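Heads up, the thing below is written out as structure tokens.
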There are 2 protein chains.
Amino acid sequence: MSKTKVLIVEDYRPLVETLEYQLKRAGYEVYRAADGREALNQAKLYLPDVVVLDVDLPVLSGVEVCKQLRSDATTKDTLILMLSALGEESDQVVGFAVGADDYVVKPVESYKVLLQRIKALLRRREPSMDDADAISRCGVTVDRRRFVATIEGEAVKLTKSEFRLLDTLIRQPGRAFDRSELVDAALGEDTMVLERTIDVHVRALRKKMNEHADLVETVRGIGYRFREE
Amino acid sequence: MSKTKVLIVEDYRPLVETLEYQLKRAGYEVYRAADGREALNQAKLYLPDVVVLDVDLPVLSGVEVCKQLRSDATTKDTLILMLSALGEESDQVVGFAVGADDYVVKPVESYKVLLQRIKALLRRREPSMDDADAISRCGVTVDRRRFVATIEGEAVKLTKSEFRLLDTLIRQPGRAFDRSELVDAALGEDTMVLERTIDVHVRALRKKMNEHADLVETVRGIGYRFREE
DNA sequence: TGAGATCTTCATCAAACCTTCAACGAAACG
DNA sequence: CGTTTCGTTGAAGGTTTGATGAAGATCTCA
């Protein structure tokens, strides 16, 4: 799993420094921009998960940046946390009107709060991977919460890649996946790997499935699928 | 396990009807209130797990209801999901400020999304025996009230972090937690520490568990879990 | 304030895991 | 049949990950 990317757009250096330090410490990947135009460039280049956006920026205001991010297909789902100076309450309304996801007033009393809000935002977006926690087909069970797969009730020890591969296949039995789909699903969309790598993982998976290996079927010329029925 | 209880507080009938139908279908027990005062009464009477709370209510505003729920000992841990009308986005800020756990903007585009949010909330708090003061598994007992853990009846002296770590893990045996979840649960949501710090606490915990160290299992690529069964 | 307890970070090591490659074999096609 | 295409297989680096010991920072409480 790749690191979560955060873009800080703020021209007040001390704030940027502290925030960047804290975020990096916590394992995030941090980018920065000091004005609106730079912000847009960075955002489109790095596609961050979260943008911490000051309202009061040189060149291009935060509100404008927000609008443009929202209108571009590649960045419209980016989480945006707006920062604005105290007292300018109308900013707040405007901020949300142009689609900010959260709003914090400067001066930031406590970095902890800001960090917490960033975390909260990220958590809120998560429910993408949340359908049906455990699924079961043909005696094979895949439980995401426990990160455990069982065959005929017996636990099978899978590696992360094998697990995600099986998880992907079993969730749409009968559907044939080509290798590039499987690379994206099981190894991560941002990995650059030869598609043949999937073959090797399939082999490892089949081996661990013993006599049930044939549930993972080969679709010649395409890729693989989980047996239907 | 008794059904999960959801209280819908909303005065717009069509929304209530649909939501209630969907929630019941999904196996929840549903209560409803059309204004703020009624909401408080119901909440204190039925102690729902989740309150879906409209901001804009007759008699008593959602914000006020939220505040009061949070200040009452019997309802202070209730999960609150706020609904606010589009255009009144500053409500969201206030909502979080008074302690809402999540918010969704009306009109609700998709009930699926709302349901997912509710589920996500519940999952975060999941431990169904969350309120149980003491829990026991595989010879290990964790007593929140006394802040004491015992193994095979023998008391084990744990630090606060170790205790909360064990407490988190043992309350959902088998469930795999990633490190960031464990940081939030054991060290506090407002701390920004390297996720690797968890490894060190786990080691300390295992050491104190002696021959039972293997009850805390490593889930490679994910994090840790408490052994199931 | 100071000593001890606790927390956090860091460097290092070994094991688990991933990826690539090349040789082999099985199906498809003329 | 021979050829070609494609999947399978075993093995060899290379990388990532968790365990561990130790040291510095921070907190706690007398």
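In what follows, chains carry the letters A, B, and so on, assigned in the order in which the sequence lines appear, proteins first and then strands, with residues in each chain numbered from 1. Bear in mind the structure is a predicted one, so any value in this text is a computation, not a measurement.
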Quiz item: Looking at residues 157-164 of chain B, who's got a heavy atom less than 4.0 Å off DNA chain D?
Solution: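 Per residue number, the list is empty: none.
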Practice problem: Tell me which residues in residues 196-210 of chain A put a heavy atom below 4.0 Å from DNA chain D, sorted by number, or none. | Solution: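 Close to the strand are A/Arg196, A/Asp199, A/Arg203, A/Arg206.
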Contacts under 3.5 Å, N or O only, protein and nucleotides 23-30 of chain D:
none

Spatial distance of atom [atom1] ([X]) from atom [atom2] ([Y]) [nearest 0.5 Å]:
{"X": "A/Leu81", "Y": "A/Asp54", "atom1": "CG", "atom2": "CG", "answer": "11.5 Å"}
{"X": "B/Met82", "Y": "B/Leu53", "atom1": "CE", "atom2": "CG", "answer": "5.0 Å"}
{"X": "A/Gln68", "Y": "A/Leu40", "atom1": "CD", "atom2": "CG", "answer": "5.0 Å"}
{"X": "A/Leu182", "Y": "A/Arg164", "atom1": "CG", "atom2": "CZ", "answer": "12.0 Å"}
{"X": "A/Asp56", "Y": "A/Leu83", "atom1": "CG", "atom2": "CG", "answer": "11.0 Å"}

Quiz item: After noting the C-alpha distance and the side-chain angles of A/Arg227 and A/Asp214, does the key distance pass the side chain to side chain contact (heavy atoms under 4.5 Å, CB included) rule?
Solution: CA-CA 8 Å; A/Arg227 181 142 99 228; A/Asp214 53 356; 3.7 Å; yes
Practice problem: State which residues pass side-chain hydrogen bond (donor to acceptor under 3.5 Å, both in side chains) with B/Tyr28; sequence neighbours excluded, sorted by chain then number. | Solution: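 So B/Tyr28 forms no side-chain hydrogen bond (donor to acceptor under 3.5 Å, both in side chains) with any residue.
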Quiz item: Who pairs with A/Glu38 by side-chain hydrogen bond (donor to acceptor under 3.5 Å, both in side chains), at least two apart in sequence or on another chain?
Solution: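 A/Glu38 satisfies side-chain hydrogen bond (donor to acceptor under 3.5 Å, both in side chains) with no residue once adjacent residues are dropped.
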Self-check item: Electrostatic pair A/Lys5-A/Glu29, nearest N-O below 4.0 angstrom
Solution: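 No, this pair does not count.
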Atom pairs and distances, donor-acceptor, side-chain atoms in residues 192-207 of chain A, under 3.5 Å, two or more places apart:
residue, atom, partner, partner atom, Å
A/Arg196, NH1, A/Asp199, OD2, 2.6
A/Thr197, OG1, A/Leu194, O, 3.0
A/Asp199, OD1, A/Arg179, NE, 2.8
A/Arg206, NE, A/Val216, O, 3.1
A/Arg206, NH2, A/Val216, O, 2.8
A/Arg206, NH2, A/Thr218, OG1, 2.7

Quiz item: Which pairs count as ring-ring contact (aromatic ring centres under 6.0 Å, His included) when at least one residue sits in residues 159-183 of chain A, sequence neighbours excluded?
Solution: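 Residue pairs passing ring-ring contact (aromatic ring centres under 6.0 Å, His included), neighbours aside: A/Phe147-A/Phe163.
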Quiz item: First and last nucleotide of DNA chain C touching chain B, 5' to 3', heavy-atom cut-off 4.0 Å?
Solution: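 Taking any atom under 4.0 Å from a heavy atom of chain B, the span is C/dT6 to C/dC17.
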Under 3.5 Å, which donor-acceptor pairs link side chains of residues 148-155 of chain A to any protein atom two or more places apart or in another chain?
none

Quiz item: To the nearest Å, how far apart are A/Leu182 CG and D/dG7 C1'?
Solution: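 The answer, rounded to whole Å, is 14 Å.
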Exercise. Take the protein atom CD1 of A/Ile222 and the nucleotide atom C1' of D/dC6, then report the distance between them rounded to whole Å.
Key: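 The answer, rounded to whole Å, is 12 Å.
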Quiz item: Quick one: ring pair (Phe, Tyr, Trp, His ring centres under 6.0 Å) partners of B/Phe226, sequence neighbours excluded?
Solution: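 Scan of B/Phe226 (ring pair (Phe, Tyr, Trp, His ring centres under 6.0 Å), adjacent residues dropped) gives none.
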Quiz item: B/Thr75: what forms a side chain to side chain contact (heavy atoms under 4.5 Å, CB included) with it, not counting sequence neighbours?
Solution: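 Checked B/Thr75 against side chain to side chain contact (heavy atoms under 4.5 Å, CB included); matches are B/Lys44, B/Leu47, B/Leu69, B/Asp72, B/Thr78.
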Self-check item: Angle of first-five versus last-five pair axes in the helix from C/dT1-D/dA30 to C/dG30-D/dC1, to 10 degrees
Solution: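 Here the helix ends are tilted 40° relative to one another.
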Exercise. Find which nucleotide of DNA chain D each of B/Thr218 and A/Arg220 is nearest to by heavy atoms, and output the residue with the more 5' nucleotide.
Key: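 Mapping each residue to its closest nucleotide by heavy atoms, the 5'-most match is A/Arg220.
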Practice problem: Examine D/dT8: is either OP1 or OP2 under 4.0 Å from a nitrogen or oxygen in the side chain of A/Tyr224? Give yes or no. | Solution: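 The answer is yes; a side-chain N or O of A/Tyr224 sits under 4.0 Å from OP1 or OP2.
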Quiz item: Got more than 12 heavy atoms from elsewhere within 6.0 Å of CZ, B/Arg146?
Solution: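 Open.
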